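Working notes, beginning with the structure itself.
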There are 2 protein chains.
Amino acid sequence: MYMPDIYRALGDPTRRKILLMLKSGDKTQKEIVAAFNISQPAVKKHLKVLLDEQIIKEQIHGKYRIYHLDLHMLQTAYQEMLHDIGDLLDHKLHSLKDYMEKGED
Amino acid sequence: MYMPDIYRALGDPTRRKILLMLKSGDKTQKEIVAAFNISQPAVKKHLKVLLDEQIIKEQIHGKYRIYHLDLHMLQTAYQEMLHDIGDLLDHKLHSLKDYMEKGED
DNA sequence: ACTTTACATAACCAAAAGGTTATACATGGG
DNA sequence: CCCATGTATAACCTTTTGGTTATGTAAAGT
């Protein structure tokens, strides 16, 4: 059984850029491919990793594949990583909530 | 010029365990090697990655190499990751904050 | 019906990652 | 000086990763 590995998902800069792209709105695979200068199958592999880790979701719309962030999972993922670093720094998870509260406008 | 990649540094479970070890105090390479059942050169490679990413520092003490956490860099890494998650989630902060508050126990 | 268009899939490749064993080097103790 | 200990380095191996090209398939436009 597959153990989701958030470090794997976020460990690649292309994948992080894809996530940033999706922040500004849902995107088709075509649009994502156009934003990088790697091939369509290469992009698709990155999307598969993000799908496997459940960081993004896919919707089929005719011949299009529309991708969008799974904000819940993404937040959980970062929470996990921050928790690991937080453990090392002796200041824990609540600082994320603090950050989010201060960051609101 | 080399851009430190915190995601790479934390991407391996052995390295995360090494960091956890170092949290409880500085360690010689010998002690770190003893804590895993992989070879000394394998451990050394992990240490090199952590050194490259400047997450840990090395001190030469006679024939010993003493490793310790670079808390400042960890702090920076933490901030970097907070920034990343902020970038991704900022316009959804409200619902996430609600989620986190409900999710706390 | 035919042809684009968007995506899927297969086969392949080079380089990186994570490990090994064997061996060299340097320091400290007897 | 000699030997044990701690670390460094070299050579090698396997698997994974991130990419490629080529080709197949399904939906949409004309």
Side-chain angles (χ1 to χ4, degrees), chain A residues 1-22 25-70 77 81 84, chain B residues 1-22 25-70 77:
Chain A
M1 155 211 217
Y2 183 63
M3 258 288 285
D5 181 357
I6 190 52
Y7 294 96
R8 176 176 173 243
L10 297 179
D12 181 272
T14 299
R15 285 196 284 276
R16 291 198 293 275
K17 280 178 209 154
I18 290 176
L19 294 177
L20 260 180
M21 268 196 81
L22 293 183
D26 300 356
K27 298 276 178 296
T28 66
Q29 187 181 127
K30 184 201 173 190
E31 291 174 300
I32 298 171
V33 169
F36 298 88
N37 46 6
I38 59 179
S39 65
Q40 175 255 328
V43 168
K44 205 216 142 105
K45 283 185 187 178
H46 285 301
L47 291 170
K48 186 181 186 315
V49 171
L50 293 171
L51 283 168
D52 286 349
E53 307 299 342
Q54 298 174 288
I55 300 297
I56 64 174
K57 293 241 151 99
E58 185 188 66
Q59 256 184 328
I60 298 181
H61 229 269
K63 65 174 173 178
Y64 297 93
R65 300 295 179 274
I66 301 175
Y67 298 92
H68 58 93
L69 293 178
D70 183 335
M81 297 183 75
D84 286 348
Chain B
M1 157 211 215
Y2 184 63
M3 258 288 284
D5 183 355
I6 185 60
Y7 296 97
R8 175 179 175 238
L10 297 179
D12 181 272
T14 299
R15 285 196 285 275
R16 293 198 291 276
K17 281 177 209 154
I18 290 176
L19 293 177
L20 264 179
M21 270 195 79
L22 294 183
D26 300 357
K27 298 278 179 295
T28 66
Q29 185 179 130
K30 184 200 171 191
E31 290 174 301
I32 299 171
V33 169
F36 297 89
N37 46 7
I38 59 179
S39 65
Q40 175 255 328
V43 168
K44 204 213 140 89
K45 284 185 187 179
H46 285 301
L47 291 171
K48 186 181 186 317
V49 171
L50 293 171
L51 284 169
D52 286 348
E53 307 299 342
Q54 299 172 311
I55 300 298
I56 65 174
K57 291 241 151 97
E58 186 187 66
Q59 256 183 330
I60 298 182
H61 231 269
K63 65 176 174 178
Y64 297 94
R65 300 295 180 273
I66 301 175
Y67 298 93
H68 57 93
L69 292 179
D70 184 336

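Quick note on labels: first sequence line is chain A, next is B, and so on, each numbered from 1. Note that this is a predicted model, so its numbers are computed, not measured. The analysis underlying the following values was restricted to heavy atoms, covering all of them including side chains, and did not include hydrogens, waters or symmetry mates.
Taking atom CG of residue B/D12 and atom P of nucleotide D/dT17, one finds them 12 Å apart after rounding to whole Å. Distance, B/Q59 CD to D/dG6 P: 19 Å, rounded to whole Å. Distance NZ (A/K48) to C1' (D/dT17): 14 Å, rounded to an integer number of Å. Between B/D5 atom CG and C/dA17 atom C1' the separation is 14 Å, expressed in whole Å. In this structure, A/H61 places its NE2 atom 14 Å from P of D/dA27, rounding to the nearest Å. If you take NZ of A/K17 and P of D/dG18, they are 13 Å apart, rounded to a whole angstrom. A straight line from CG of A/L47 to C1' of D/dG19 spans 15 Å, rounded to a whole angstrom. Following rounding to the nearest Å, B/I60 (CD1) and C/dG28 (P) show an atom-to-atom distance of 12 Å.
Atom CG of B/D70 and atom CD1 of B/I56 lie 9.5 Å apart (nearest 0.5 Å). For the atom pair B/I66 CD1 and B/E31 CD, the distance stands at 8.5 Å (nearest 0.5 Å).
Checked against C/dC7, D/dA8, D/dG19, the side chain of A/I38 finds its nearest nucleotide in D/dG19. When distances run from any side-chain atom of A/K45 to the nucleotides D/dT20, C/dA17, C/dT20, the shortest one goes to D/dT20. For B/K63, counting side-chain heavy atoms from C-beta on, the closest listed nucleotide (C/dT20, D/dG6, C/dA8) is D/dG6. Closest to the side chain of A/H46, out of D/dT17, C/dG18, D/dG19, is D/dG19. Side-chain atoms of B/Y67 lie closest to D/dA8 of the nucleotides C/dA17, D/dA8, C/dG18.
Residue A/S39 places no side-chain N or O under 4.0 Å from the OP1 or OP2 atom of D/dG19. In terms of phosphate contacts, B/K44 brings a side-chain nitrogen or oxygen within less than 4.0 Å of OP1 or OP2 of D/dA8. Put simply, B/R8 has no side-chain N or O that comes within less than 4.0 Å of OP1 or OP2 on C/dA16. Regarding contacts with the backbone of C/dG18, a side-chain N or O of B/R15 is found under 4.0 angstrom from either OP1 or OP2.
Of the residues B/E58, B/K57, B/K27, the one that meets the side chain to side chain donor-acceptor pair (under 3.5 Å) test with B/Y67 is B/E58.
The base of C/dA8 sits within donor-acceptor range of the side chain of A/Q40, with an N or O pair under 3.5 Å.
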Is there a side chain to side chain contact (heavy atoms under 4.5 Å, CB included) between A/I32 and A/H46 once you walk through the steps?
-> CA-CA 11 Å; A/I32 298 171; A/H46 285 301; over 6 Å; no
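Backbone-only contact: A/K30 has heavy atoms under 4.0 Å from sugar-phosphate atoms and none from a base.
In this structure, B/E53 contributes its side chain and B/D5 its backbone to a donor-acceptor pair below 3.5 Å.
Two residues, A/P41 and A/Y64, neighbour DNA chain C, and the one matched to the more 5' nucleotide by heavy-atom proximity is A/Y64.
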